[in-house]
Amino acid sequence: MRTRKLGQSGIDISCIGLGTNYVGGHNLYVDVDEDEGVRLVKQAIDLGVTHVDTADVYGTGRSEELVGKAIEGRRDEVVLATKGGILFGEYGSGINNDPAYLRGALERSLKRLNVDHVDLYYIHRHDGKTPTEDAFGALMDFKREGLIRSAGVSNFELPELQAAASAGPVDALQSCYNLLQREVEAELLPWCAENNVSFVPWGGLAYGLLGGRYSRDFKLHDNDWRHKTGLFDAAAYGRNMDTVDGLKTIAAECGSTPSHLALKWLLSRETVGSVIAGAKHSGQVSDNVDAERGEASAEHLAAVDALTSS
Ligand SMILES: NC(=O)c1ccc[n+]([C@@H]2O[C@H](COP(=O)([O-])OP(=O)(O)OC[C@H]3O[C@@H](n4cnc5c(N)ncnc54)[C@H](OP(=O)(O)O)[C@@H]3O)[C@@H](O)[C@H]2O)c1
């Protein structure tokens, strides 16, 4: 598995990471199989994935507990990333970037993960009220104290990102980015490239759509968080399926698959450090690891790009 540098941290991360919002993510998906979740994390590590991404809010703590269980005895093999700042449980709902809250959230994450530090800690969302310099400054304190090795932000807009960077090095920005959702290309990616911030896309497979398995009459379960993405809304879905058909055609031409091309395209974009593909079963973990092998030609990547470039 190839690796890339994580921002200015000196840490190497695997190009394909594992996103774990399915692992114990009972608040996100229906029919979550916890044992399978633990197996997925172990399998990913066995296959050379070092970057494992979770968050305290996934499964309201359960994802971190299961990830902690999966990495027991092999902590050193993993670049462990988690996030805090979204409220749940006894803390209510909403977002809080207050330094004291973030410290408590990190301490609870470390406990659930059963580790003494994480390799990458993100502020999950901006709360719109705490001065960003104070919030990100708290992460710099955590770093000095050895609780985290690098610091990032997630879902921040450019002014928020710039303010965070004034408090210390932002090693990673994690935001939504895939062939169907390219808003970050306008400002955020160029800024990250100029400022040595690794970009970590979430939703790289457009939540399964770019895997090419969904039919035109596919419907999400009512409790599935992916309703929030807008990609499955009736108005957008047909258009998105047209893009998926285009991706399938290119994949057939070059002997690849839609998911591999979608991931290779992301890895070819400027400043992308690692793609944290989500998975619900073992075949998806191994398939996503395979996506990193070999090169797609510049012509095929350009054809993929042209499917949705405006
Ligand atoms: N920072 C944030 O705010 C934020 C938000 C969301 C997610 N995330 C992180 O980003 C990670 C990835 O996002 P995501 O899981 O929502 O979306 P994703 O990676 O775009 O899609 C994952 C889904 O695609 C399908 N899939 C996976 N591998 C496949 C393959 N090889 N072929 C075909 N289909 C495949 C599976 O769904 P089906 O089997 O149902 O098709 C899987 O659950 C999360 O796990 C989480 O760690 C962060």
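One-based numbering, in listed order, for ligands and for the atoms of each.
Comparing heavy-atom distances from atom 12 (C) of ligand 1 across Val285, Ile276, Val153 singles out Ile276 as nearest. Distances from atom 46 (C) of ligand 1 to the heavy atoms of Tyr58, Trp202, Tyr22 put Tyr58 nearest.
Given atom 43 (O) of ligand 1, the protein heavy atom at minimum distance is Lys280 NZ, 3.1 Å. The protein non-hydrogen atom at the shortest distance from atom 27 (C) of ligand 1 is Gly278 O, 3.1 Å. In terms of protein heavy-atom proximity, atom 21 (O) of ligand 1 is nearest to Tyr207 CA, 3.3 Å. The single protein non-hydrogen atom nearest to atom 34 (N) of ligand 1 is Gln284 NE2, 3.8 Å, given as residue, atom name and distance. Counting protein heavy atoms only, atom 25 (C) of ligand 1 is closest to Gly208 CA, 3.6 Å. Protein heavy atom in closest approach to atom 47 (O) of ligand 1: Asp53 OD2, 2.8 Å. Among all non-hydrogen protein atoms, the one lying nearest atom 3 (O) of ligand 1 is Asn155 ND2, 2.9 Å. Here the protein heavy atom with the shortest distance to atom 13 (O) of ligand 1 is Gly203 N, 3.3 Å.
If you look at His281 next to ligand 1, there are no close heavy atoms at all, none under 4.0 Å. Counting heavy atoms under 4.0 Å from ligand 1, residue Cys176 does not touch it at all. Under 4.0 angstrom from ligand 1, there are no non-hydrogen atoms of Phe218.
Residues Glu292 and Arg4 are not paired through a salt bridge, judged by the lack of any N-O separation under 4.0 Å between the basic side chain and the carboxylate. We find that Arg293 and Asp290 are joined by a salt bridge, their nearest charged nitrogen and carboxylate oxygen being less than 4.0 Å apart. Contact check on Lys129 versus Asp98 returns no salt bridge, with no Lys/Arg side-chain nitrogen under 4.0 Å from an Asp/Glu carboxylate oxygen. By the 4.0 Å N-to-carboxylate-O rule, Arg216 lies close enough to Asp245 to be salt-bridged with it.
At least one test fails for Arg226 against the ring of Tyr207: distance under 6.0 Å to the centre or angle within 45° of the axis.
For ligand 1, the atoms sitting less than 4.0 Å from at least one non-hydrogen atom of Thr20 are 45 (O), 47 (O), numbered in the order shown with element in parentheses. Under a 4.0 Å criterion applied to the non-hydrogen atoms of Ser154, ligand 1 contributes the atoms 1 (N), 2 (C), 3 (O). Residue-ligand proximity, Lys83 to ligand 1, at heavy-atom distances under 4.0 Å covers atoms 1 (N).
Side chains of Asp46 and Gln43: no donor on one and acceptor on the other come within 3.5 Å. Using modelled atom types, one finds no donor on one side chain facing an acceptor on the other under 3.5 Å when comparing Glu64 with Thr54.
Considering only residues two or more places apart in sequence or on other chains, Tyr214 meets the ring-ring contact (aromatic ring centres under 6.0 Å, His included) condition with Phe218.
Listed by first then second residue, pairs satisfying salt bridge (charged side-chain N to carboxylate O under 4.0 Å, His left out) with a partner in residues 7-26 read Lys5-Asp12, not counting sequence neighbours.
Interatomic distance, CZ of Arg62 versus CZ of Arg112, reported as 11.0 Å (0.5 Å rounding).
Between Ala206 and ligand 1, an N or O atom pair is found at a separation short of 3.5 Å.
Contact analysis puts Arg226 in contact with ligand 1, with a non-hydrogen atom separation below 4.0 angstrom.
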